[in-house]
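One structure is given below, encoded as structure tokens.
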Amino acid sequence: MNRISIPTVEHAHAASQPLLAAVQQQLGVVPNLMKVIGHSPAALEGYLSLNGALNKGKLPAALRERIALAVAEYNGCDYCLSAHSYLGQHVAKLSAAEIDAARDHHSADARSNAALQFAYQVAARRGHVSDAELAALRAAGFDEAETIELVLLVALNVLTNYVNNVVRTSIDFPVVTAGQHHAA
């Protein structure tokens, strides 16, 4: 049960309505998370701006979805696990095995695996990664721009995880539950 209301797009804050309309146009639907964040037009604008900017970055959609899955599993966010399992399968075209592996911060792809290991350490250590962990990421071929984007992706996903965990946002995707999967 939601602990903060989820307004319809029509009943959202007036300043959030154009932003939610843009989400509708882009995705064909306005997820409950966006409606909740839309209580604060400033928060919605900030979230959408950072998300949009990172989507134009160097990291491919499949890796961004893997990172979202790893962080959501770590933070126990069922809403984000549900959303990113769906997006991972239908948009990024990840296999069920890759989605499951990403939840455990692993991938059969060596480069993605290095990114997931690093992202997990960023989340688990609240950014205090070791020199060796940063060196491992660089050895996997990630440049400085990609490293910064990985850190920002972790932070962006922590943001949505925390909003959903506080609100207990009603899941409007096929439901996936943290801790309930088979490790790869």
Side-chain angles (χ1 to χ4, degrees), residues 2-4 31-34 36-37 43 46-47 50-51 53-55 57-92 94-140 142 146-184:
N2 305 315
R3 296 195 285 186
I4 294 178
N32 285 341
L33 169 64
M34 303 301 163
V36 167
I37 295 175
Y47 167 76
L50 181 54
N51 188 57
L54 290 173
N55 286 346
K58 296 181 79 173
L59 302 176
L63 181 55
R64 293 192 312 268
E65 290 303 325
R66 285 179 172 107
I67 299 298
L69 288 160
V71 174
E73 183 70 35
Y74 176 77
N75 286 318
C77 182
D78 293 347
Y79 186 95
C80 289
L81 278 174
S82 300
H84 292 288
S85 292
Y86 180 86
L87 294 170
Q89 179 184 3
H90 296 287
V91 176
L94 295 174
S95 69
E98 273 296 307
I99 289 170
D100 209 41
R103 292 176 63 182
D104 287 319
H105 53 275
H106 294 289
S107 175
D109 173 72
R111 192 170 197 283
S112 294
N113 193 65
L116 286 162
Q117 293 296 306
F118 181 77
Y120 175 78
Q121 292 304 325
V122 170
R125 296 187 181 169
R126 297 180 304 277
H128 296 280
V129 297
S130 69
D131 291 343
E133 289 160 340
L134 190 56
L137 185 69
R138 288 186 179 144
F142 286 88
E146 291 166 316
T147 301
I148 295 300
E149 288 179 26
L150 280 169
V151 173
L152 288 174
L153 279 169
V154 171
L156 181 67
N157 284 285
V158 167
L159 180 152
T160 59
N161 294 172
Y162 285 10
V163 168
N164 287 311
N165 287 346
V166 167
V167 173
R168 294 187 185 150
T169 310
S170 296
I171 299 172
D172 47 354
F173 293 91
V175 175
V176 176
T177 305
Q180 296 184 358
H181 69 291
H182 296 86

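Residue numbers start at 1 and run along the sequence shown.
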Between [X] and [Y], which heavy-atom pair has the shortest distance, and what is it?
X      : Y      : result
Asn161 : Asn75  : OD1-ND2, 3.0 Å
Ala114 : Ala140 : CB-CB, 3.4 Å
Asn113 : His106 : OD1-CA, 3.1 Å
Ala68  : Asn157 : CB-OD1, 3.2 Å
Thr177 : Leu81  : C-CD1, 4.0 Å

query: Just by distance, with hydrogens left out, do Asn164 and Thr169 show a side-chain donor and acceptor under 3.5 Å apart?
result: yes
task: Using distance alone, with no hydrogens and no angle criterion, decide if Gln121 and His105 have a side-chain donor and acceptor under 3.5 Å apart.
output: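 The criterion, which ignores hydrogens and geometry beyond distance, is not satisfied for His105 and Gln121.
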field: CG-OG distance between Leu63 and Ser112, expressed to the nearest 0.5 angstrom
entry: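 It is 5.0 Å, given to the nearest 0.5 Å.
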Straight-line distance of Leu94 CG to Ser107 OG, nearest 0.5 Å: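 Rounded to the nearest 0.5 Å, the CG-OG separation comes out at 8.0 Å.
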- request: Look at the rings of Tyr86 and Phe173 and say which category their plane angle falls in: under 30° parallel, 30 to 60° tilted, over 60° perpendicular.
  value: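 Tilted: the ring planes of Tyr86 and Phe173 meet at 30° to 60°.
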Contacts of type salt bridge (Lys or Arg N to Asp or Glu O under 4.0 Å), residue [X], not counting sequence neighbours:
X      : answer
Glu65  : none
Glu146 : Arg111
Arg125 : Glu133

Decide yes or no for [X] and [Y]: does some side-chain heavy atom of the first lie under 4.5 Å from some side-chain heavy atom of the second?
X      : Y      : value
Phe118 : Thr147 : yes
Tyr47  : Leu156 : yes
Cys77  : Thr160 : no
Asn55  : Asn51  : yes

- request: Output, in order, the C-alpha distance, side-chain angles, deciding distance and verdict of side chain to side chain contact (heavy atoms under 4.5 Å, CB included) for Asn2 and Arg168.
  value: CA-CA 5 Å; Asn2 305 315; Arg168 294 187 185 150; 5.6 Å; no
field: Main-chain N/O of Asn165 paired with Tyr79 side-chain donor or acceptor, under 3.5 Å
entry: no
query: Salt bridge between Glu98 and Arg66, side-chain N to carboxylate O under 4.0 Å?
result: yes
